[in-house]
Structures are given as C-alpha cells and as structure tokens.
Amino acid sequence: MPHSVIEGHLDAKGLRFAIVASRFNSIITERLLAGALDALRRAGGSEQDITVVWVPGAWEMPVIALELAGSKRYDGIICLGAVIRGDTPHFDYVAGEAAKGLGQAAIQTGVPVAFAVLTTNTLEQAVDRAGAKHGNKGFDAAMTAIETAGLMRKLRAMK
Ligand code: INI
C-alpha cells in the first residue's frame, strides 16, 4: 500500500482570512497588503471573505491577531508589518514580542497565523522585500496562509 500524503493547496475558495496590517512604516506595509490581496484574489478568494484590520504598530499585532483568531470567524490570519532597526534597542523588543506573540496566537487558537513582519536593518532592505528585488513577502505570506488554512480544514475534516 502506498504511503498517504496530506497537504494543503493554493486554493483560497471558501476560506476566510483576516489581514492585520500595521500603520507604522505604512510605505512598506501598504505594498505588503497589495501583495497579500493579489495572492488571495489570484488563488480564488472572494472579497467578502477578506477583512483588513489596521493596527498602530507591530507591537499591537499579537493581541489583535489573538482576538481575531479566537473569534472563529477566520480560517487564517495574515500579519503584515515592518520593523526597521534604529539607533536604540527598541527594534529588538518590538520585533521579538511581535514574533513571539503571533506564534502564541496561532498555537493557543489553532488558527494559522502567517508572519510577514519584516525585520530589517535598513528601509532599503524592507523595500526590496515589499515588491522589489526580493519579491513581496505579503504575497508569500498570503500563499502560505492559504495552504496552511486548507491543510487545517482537511485535517479537521478527518477527525
Ligand atoms: N512599530 C513598527 O511596526 N515598526 C517599527 O519599526 C517600530 N519602531 O521602530 O519603533 C514600531 N514601533 C511602534 C510600536 O509597534 C508600537 O506601536 C508603539 O511602541 C506603541 O505601543
């Protein structure tokens, strides 16, 4: 007998997503949002299944993502932010808490949370990842959210 394979597909039809985007460094996050919406639409997602939630900064993301994930209204949460290193250790606290908190939101609720909070040393590095040299990490995060949310549905349907 062949081994069994379980995997998600890049099909967003019927899946509901919340996108959490930060206003801080909006010159970057608006590009990440455009990429994420492009991915969801191209994968067959419909407008009524997409909700965009704006937060002030990456620091505020975990508590909002946790609330959305716990609401049972979404199959996946896509988080878009940009933390750019300055001259003080502030960067490390904001980036570290965002990463840790978003991971916890996923684990505590069982709802996939895609992480596209850029952490870069310079604005140029962020631009490169928001639709320039290194692609668009918002697009990539939405694709992973679609795959993981679909996989989760499949696993739950097997119970
Ligand atoms: N928030 C970001 O999303 N990116 C940053 O680069 C950043 N820096 O550098 O300070 C940032 N700070 C704001 C933070 O997320 C909170 O909104 C603020 O501390 C108020 O709670």
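Under the rule for a side-chain hydrogen bond (donor to acceptor under 3.5 Å, both in side chains), Asn136 has no partner lying at least two apart in sequence or in another chain. Partners of Asp49 under the side-chain hydrogen bond (donor to acceptor under 3.5 Å, both in side chains) rule, at least two apart in sequence or in another chain, are Ser46. Every residue two or more places apart in sequence or in another chain that forms a salt bridge (charged side-chain N to carboxylate O under 4.0 Å, His left out) with Glu97 is listed here: Lys100. The salt bridge (charged side-chain N to carboxylate O under 4.0 Å, His left out) test applied to Glu7 returns no partner, not counting sequence neighbours. Every residue two or more places apart in sequence or in another chain was checked for a salt bridge (charged side-chain N to carboxylate O under 4.0 Å, His left out) with Arg73, and none qualifies. When the side-chain contact (heavy atoms from CB on, under 4.5 Å) test is applied to Val83, the partners found at least two apart in sequence or on another chain are Ala58, Phe91, Val94, Ala95, Val117, Thr119. When the salt bridge (charged side-chain N to carboxylate O under 4.0 Å, His left out) test is applied to Asp11, no partner is found at least two apart in sequence or on another chain.
A salt bridge (Lys or Arg N to Asp or Glu O under 4.0 Å) check over residues 32-42, counting only residues at least two apart or in different chains, returns the pairs Asp38-Arg42, Arg41-Glu47. Among residue pairs with one or both ends in residues 13-27, those qualifying as salt bridge (Lys or Arg N to Asp or Glu O under 4.0 Å) are Arg16-Asp75; sequence neighbours excluded. Pairs of residues two or more places apart, or lying in two chains, never qualify as side-chain hydrogen bond (donor to acceptor under 3.5 Å, both in side chains) while including a residue from residues 55-67.
Hydrophobic cluster membership for Met152: none, as no Ile, Leu, Val, Met, Phe, Trp or Tyr side chain comes under 4.5 Å of it. Residues Leu15, Phe17, Ile19, Ile27, Ile28, Leu32, Leu33, Leu37, Leu40, Ile50, Val52, Trp54, Ile78, Leu80, Ile84, Leu118, Leu123, Val127, Phe139, Met143, Ile146 make up the rest of the hydrophobic cluster containing Leu10, defined by ILVMFWY side-chain heavy atoms closer than 4.5 Å, directly or through other members.
No chain of hydrophobic side-chain contacts below 4.5 Å, direct or via other Ile, Leu, Val, Met, Phe, Trp or Tyr residues, connects Leu66 to Val111. When hydrophobic clusters are built by joining Ile, Leu, Val, Met, Phe, Trp and Tyr residues whose side-chain heavy atoms come closer than 4.5 Å, directly or via intermediates, Ile107 is not grouped with Ile77.
One finds the NZ atom of Lys159 at 6.0 Å from the CZ atom of Arg156 (value rounded to the nearest 0.5 Å). Note: Arg31 CZ to Lys137 NZ = 15.5 Å, rounded to the nearest 0.5 Å.
More than 12 heavy atoms of other residues, nucleotides or ligands shown are found within 6.0 angstrom of CZ on Arg129. For Glu124, the CD atom sits in a loose shell: 12 or fewer heavy atoms of surrounding residues, nucleotides or ligands are nearer than 6.0 Å.
The two residues Thr29 and Gly81 come nearest to each other via the heavy atoms CG2-CA, 3.7 Å. Nearest heavy-atom pair, Ser71 versus Leu68, reported as atom, atom and distance to 0.1 Å: OG-O, 2.6 Å. In this structure, Ala114 and Ala145 approach most closely via the heavy-atom pair CB-CB, 4.0 Å. Nearest heavy-atom pair across Ser22 and Ala82 is OG-N, 4.3 Å. Of all heavy-atom pairs between Ala36 and Ala142, the closest is O-CB, 3.6 Å.
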